[in-house]
Amino acid sequence: MYQALYRKWRPKSFDEVVGQDHITTTLKNEVALGKFSHAYLFTGSRGTGKTTCSKIVAKAVNCQNPQQGNPCNECEVCRGIDDGSILDVVEIDAASNNGVDNIRQLREEAYFLPSVAKYRVYILDECHMLSPGAVNALLKILEEPPAHVIFILATTEIHKVLPTILSRCQRFDFKRIKSCIIADRLLYVCEQEGLALTEDAALLIARLSDGGMRDALSLLDLCVSYSNEITAQTVVEAAGLTGQDHLFEMTQAMVAHQPANALAVVERLSENSVDFARLCEQLVGHYRNLMIVRTVKEPDELVQGTPEDLERLREQARQLSLAQILYALDVLQEAMGKISRTAFKRTEFEMAVIRLCDERMGEGLDGVFSRIERLEEQLRSGVVRPAAPSEQAKPETPIPASAPQQLQDVATTAFSEQPKQQPVSGSEVVPFTQWAEVLQQLKRRNGALYGAMVESRAFTSGEMMLIDCANEMFRALLRTSVAAKESLRDSILAVTGQKFNLGPYNPKKHTIAQEEPQDPLSGMLKKARDLGVPVTEEG
């Protein structure tokens with residue numbers, strides 16, 4: 001009968017275990033010196049070698065001809081443990097045998113001497129599934145077991161294991177195996193099996209296995225059934241990786257602010273009876289990959305997919321800022337929670353899609369920060385991009401040289417905070433010449449608010465600081481964030497040593513004090529100082 005590759009190539013000694021040298025070296029030395037523990041706890045993700053090492057330990061401590069800490073795999077005891085004929089080594093699935101009665105039976109049996117081997121070894125897989133009663137029944141014997149008993153507990157969720165268990169065991173953390181190590185092992189297995197496997201295919205299988213050697217061998221087995229010659233394309237087809245186009249297409253519609261195109265993709269998927277909860281989960285994974293590609297120089301180890309998909313992710317990530325990606329993840333994860341609680345799953349998903357196509361639909365500061373990020377990018381590039389253009393793409397409009405001044409002349413609406421003292425209409429308003437210094441202070445305190453105020457100016461009128469800023473983000477931040485107002489007040493205080501009440505500058509209500517005529521050079525120097533330009537006068 002055919003034996004699966006992951007079973008056929010399961011390591012039989014510590015030296016054959018790959019990617020866990022920090023564990024196998026310690027265990028081998030403990031066995032060789034006869035100083036092994038009475039209780040071990042192996043933790044790590046699936047397929048990293050926990051159960052394999054448990055069985056190797058069971059053989060090594062009972063082997064009749066040990067080889068420097070390794071089992072010989074040839075004596076009667078080693079062969080009996082491998083084929084399951086020796087009852088002194090017991091493997092228990094704690095997920096299905098998690099009751100207190102199961103552990104009481106184990107405890108009663110443990111006091112009997114082993115029949116063939118030197119030690120009775122109990123391997124409890126997924127030990128975090130034990131019930132509270134079962135854990136209490138296990139604690140005493142786990143702390144003070146008979147001299148002939150060894151316990152090995154394995155789990156994939158260490159955070160669920162009680163501290164009382166942790167304190168009684170010697171713990172080993174199994175790491176995810178690196179892709180290059182898995183790929184080398186796959187190439188070795190294929191060479192021994194007479195199979196044709198390309199290096200690209202081996203590396204792709206390794207990435208898809210997410211650090212698990214068992215998953216990698218299982219996927220290799222699937223590819224062998226699909227084709228005798230295993231290439232990267234074979235892996236793609238056998239693993240069913242050809243269904244990601246809709247995620248790229250939907251995200252591209254969101255990047256281009258085209259909700260109609262995104263909803264058209266949703267309609268097409270709905271006709272194929274898509275599960276919208278699963279679709280939302282896939283989109284979260286897609287934006288997670290965009291986040292990794294956007295922030296990590298070499299994301300190959302962290303992103304599962306083909307080299308072609310990785311290149312497409314890089315291209316799409318270049319069109320998004322990190323703030324936009326994080327905003328999208330927040331919206332989608334919120335939508336996932338709502339989808340699980342509503343009967344109108346498609347509607348909830350479509351609402352999330354609309355928010356992602358136009359950040360102005362977002363709620364709270366996340367949407368505001370995303371819009372500020374986009375605005376700063378536009379200012380740096382010198383190009384205005386409409387926030388939500390129509391289906392017909394419009395050409396980019398360069399910012400005219402006079403645009404900042406025109407924006408400043410637009411009357412601002414009042415802040416939500418009502419100042420204690422409003423200047424009367426037509427009262428004297430004096431330009432505030434230290435505004436550039438205030439903005440530099442603000443840049444250190446609140447980068448988001450500073451980005452919204454880079455083109456602003458200020459005037460004073462008694463105890464009022466009147467701010468002329470046409471940026472909608474600036475007004476939104478002052479309306480919704482107490483921290484934003486305090487950071488602006490603190491910045492003004494740091495420069496002037498005086499506390500001002502904040503208010504908007506309105507050219508229809510406020511008149512700027514006129515100064516006596518002066519020579520052109522003096523006027524030019526004053527304008528430079530007002531703009532924060534350093535001026536040095538020499539006699």
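For this chain, numbers begin at 1 and follow the sequence in order. Both backbone and side-chain heavy atoms feed into the values below; hydrogens, waters and symmetry mates do not. Keep in mind it's a predicted model, so treat the numbers as computed, not measured.
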Query raised in the report: Can you check whether Cys53 reaches Phe172 side chain to side chain, under 4.5 Å on heavy atoms?
Result: no

Query raised in the report: When you look at Glu267 and Arg346, which way does the salt bridge (Lys or Arg N to Asp or Glu O under 4.0 Å) test go after all the steps?
Result: CA-CA 10 Å; Glu267 172 63 23; Arg346 174 175 175 175; 2.4 Å; yes

**Report entry** Close side-chain approach of Val57 and Val121, heavy atoms under 4.5 Å
**Finding:** no

Report task. Can you see which heavy atom on Ala94 is nearest to which on Cys127, and at what distance? Result -> CB-CA, 3.9 Å

Requested in this report: Please lay out, stage by stage, how Phe151 and Leu106 fare under the test side-chain contact (heavy atoms from CB on, under 4.5 Å).
Outcome: CA-CA 11 Å; Phe151 286 97; Leu106 179 153; 3.6 Å; yes

Query raised in the report: If we only count heavy atoms from C-beta on, is the His246 to Val274 side-chain gap below 4.5 Å?
Result: no

Report task. Just do the side-chain contact (heavy atoms from CB on, under 4.5 Å) check on Leu139 and Asn136 with the steps written out, would you? Result -> CA-CA 5 Å; Leu139 284 178; Asn136 291 330; 4.0 Å; yes

Query raised in the report: Does Ser227 use its side chain to pair, donor to acceptor, with the backbone of Cys223 at less than 3.5 Å?
Result: no

Query raised in the report: Pick from Ile165, Leu162, Val161: which one makes a side chain to side chain contact (heavy atoms under 4.5 Å, CB included) with His128?
Result: Val161

Report summary line: By side chain to side chain contact (heavy atoms under 4.5 Å, CB included), Met336 pairs with (sequence neighbours left out) Cys280, Glu281, Val284

Requested in this report: Spell out, as yes or no, whether a donor-acceptor pair under 3.5 Å connects the side chain of Arg107 to the backbone of Ala137.
Outcome: yes

Query - Listed partners of Phe349 passing ring pair (Phe, Tyr, Trp, His ring centres under 6.0 Å), at least two apart - result: Phe276

Query raised in the report: With no hydrogens and no angle check, is any side-chain donor or acceptor of Gln67 less than 3.5 Å from a backbone partner on Asn65?
Result: yes

Query raised in the report: Below 4.5 Å, heavy atoms only, C-beta onward: do Phe42 and Leu27 meet side chain to side chain?
Result: yes

Please tabulate, one pair per line, all N/O donor-acceptor pairs under 3.5 Å involving side-chain atoms of residues 197-214, not counting sequence neighbours.
unit_1	atom_1	unit_2	atom_2	d
Thr198	OG1	Ala201	N	3.2
Arg207	NH2	Asp300	OD2	3.4
Ser209	OG	Ala206	O	2.7

Report task. Give a yes or no on whether Leu87 atom CG has more than 12 heavy-atom contacts from other residues, nucleotides or ligands under 6.0 Å away. Result -> no

Query - Backbone N/O of Ala117 and side chain of Asn62: donor-acceptor pair under 3.5 Å - result: no

Query raised in the report: Under the criterion side chain to side chain contact (heavy atoms under 4.5 Å, CB included), which of Leu310, Ile325, Leu320 is the partner of Val293?
Result: Leu310

Report task. List for me each residue that meets ring pair (Phe, Tyr, Trp, His ring centres under 6.0 Å) alongside Tyr287, sequence neighbours excluded, and say none if there are none. Result -> none

Query raised in the report: More than 12 foreign heavy atoms under 6.0 Å from CG of Asn228: is that the case here?
Result: no

Query raised in the report: By ring pair (Phe, Tyr, Trp, His ring centres under 6.0 Å), which residues pair with His38, not counting sequence neighbours?
Result: none

Query - Asp173 vs Lys175, salt bridge (Lys or Arg N to Asp or Glu O under 4.0 Å): CA-CA, chis, key distance, verdict - result: CA-CA 6 Å; Asp173 291 88; Lys175 300 178 181 178; over 6 Å; no

Query - Taking every non-hydrogen atom, the tightest pair across Ala95 and Met129 - result: CA-CB, 3.8 Å

Query raised in the report: Quick one: are the ring centres of His286 and Phe248 less than 6.0 Å apart?
Result: yes

Requested in this report: List the steps, then state whether salt bridge (Lys or Arg N to Asp or Glu O under 4.0 Å) holds for Glu348 with Arg341.
Outcome: CA-CA 10 Å; Glu348 193 63 52; Arg341 300 190 299 269; over 6 Å; no

Query raised in the report: Okay, side chain of Asn73, backbone of Lys12: is any donor-acceptor separation there less than 3.5 Å?
Result: yes

Report task. Apply side chain to side chain donor-acceptor pair (under 3.5 Å) to Gln192 and Trp9, showing your working. Result -> CA-CA 10 Å; Gln192 299 300 312; Trp9 288 94; over 6 Å; no

Requested in this report: Decide if atom CD of Gln68 counts as having more than 12 heavy atoms of other residues, nucleotides or ligands within a radius under 6.0 Å.
Outcome: no

**Report entry** Over 12 non-hydrogen atoms of neighbours within 6.0 angstrom of CZ in Arg268
**Finding:** yes

Requested in this report: Please examine the side chains of Asp82 and Lys59, heavy atoms only from C-beta on, and report whether any two atoms are closer than 4.5 Å.
Outcome: yes

Query raised in the report: How about Glu229: does its CD atom have over 12 heavy atoms from other parts shown lying under 6.0 Å from it?
Result: no

Query raised in the report: Is atom CD of Gln333 surrounded by more than 12 heavy atoms (other residues, nucleotides or ligands) closer than 6.0 Å?
Result: yes

Report task. Not counting sequence neighbours, which residues clear side chain to side chain donor-acceptor pair (under 3.5 Å) with Arg7? List them please. Result -> none

Query - Close side-chain approach of His148 to Lys118, heavy-atom, < 4.5 Å - result: no

Requested in this report: Please confirm whether the backbone N or O of Leu217 pairs with a side-chain atom of Asp221, one donor and one acceptor, at under 3.5 Å?
Outcome: no

Report task. Please say whether more than 12 non-hydrogen atoms of neighbouring residues, nucleotides or ligands are located less than 6.0 Å from OH in Tyr40. Result -> yes

**Report entry** Check: Lys345 side chain, Ala277 main-chain N or O, donor-acceptor pair, under 3.5 Å
**Finding:** no

Query raised in the report: Is any side-chain heavy atom of Pro66 less than 4.5 Å from a side-chain heavy atom of Val31?
Result: no

Requested in this report: Under the side-chain contact (heavy atoms from CB on, under 4.5 Å) rule, what do Leu332 and Leu356 come out as? Steps first, then yes or no, please.
Outcome: CA-CA 9 Å; Leu332 289 170; Leu356 295 182; 3.9 Å; yes

Query raised in the report: Would Arg314 and Glu311 count as a side-chain contact (heavy atoms from CB on, under 4.5 Å) if you check the C-alpha gap in whole Å, the side-chain angles of each, and the deciding distance to 0.1 Å?
Result: CA-CA 5 Å; Arg314 286 194 177 99; Glu311 185 56 38; 3.9 Å; yes

Query raised in the report: So, the side chain of Thr25 versus the backbone of Asp21: is there a donor-acceptor pair under 3.5 Å, distance only?
Result: yes

Query raised in the report: Of the non-hydrogen atoms in Pro71 and Ile56, which two are nearest, and what is the gap between them?
Result: CD-CG2, 4.1 Å

Requested in this report: State, yes or no, whether a side-chain contact exists between Ile177 and Gln20 at a heavy-atom distance under 4.5 Å.
Outcome: yes

Query raised in the report: What pair of heavy atoms forms the shortest contact from Thr43 to Lys50, and how long is it?
Result: C-CD, 3.7 Å

Query raised in the report: Going through the distances and angles, do Asp15 and Asn70 end up as a side chain to side chain donor-acceptor pair (under 3.5 Å)?
Result: CA-CA 8 Å; Asp15 292 340; Asn70 277 310; 2.8 Å; yes

Report summary line: Heavy-atom closest pair (Val353 atom, Ala262 atom, distance to 0.1 Å) is CG1-CB, 3.5 Å

Query raised in the report: Any donor and acceptor pair, going by atom type alone, linking the side chain of Ser131 with main-chain N or O of Ala134 inside 3.5 Å?
Result: yes

Requested in this report: Ignoring hydrogens and angles, state whether a donor on the side chain of Thr234 or Thr231 is under 3.5 Å from an acceptor on the partner side chain.
Outcome: yes

Query raised in the report: With no hydrogens and no angle check, is any side-chain donor or acceptor of Asn97 less than 3.5 Å from a backbone partner on Asn102?
Result: no

Query raised in the report: Is atom NZ of Lys140 surrounded by more than 12 heavy atoms (other residues, nucleotides or ligands) closer than 6.0 Å?
Result: no

Query - Closest approach of Ser321 to Gln324 (non-hydrogen atoms, all atoms of both residues) - result: N-OE1, 2.9 Å

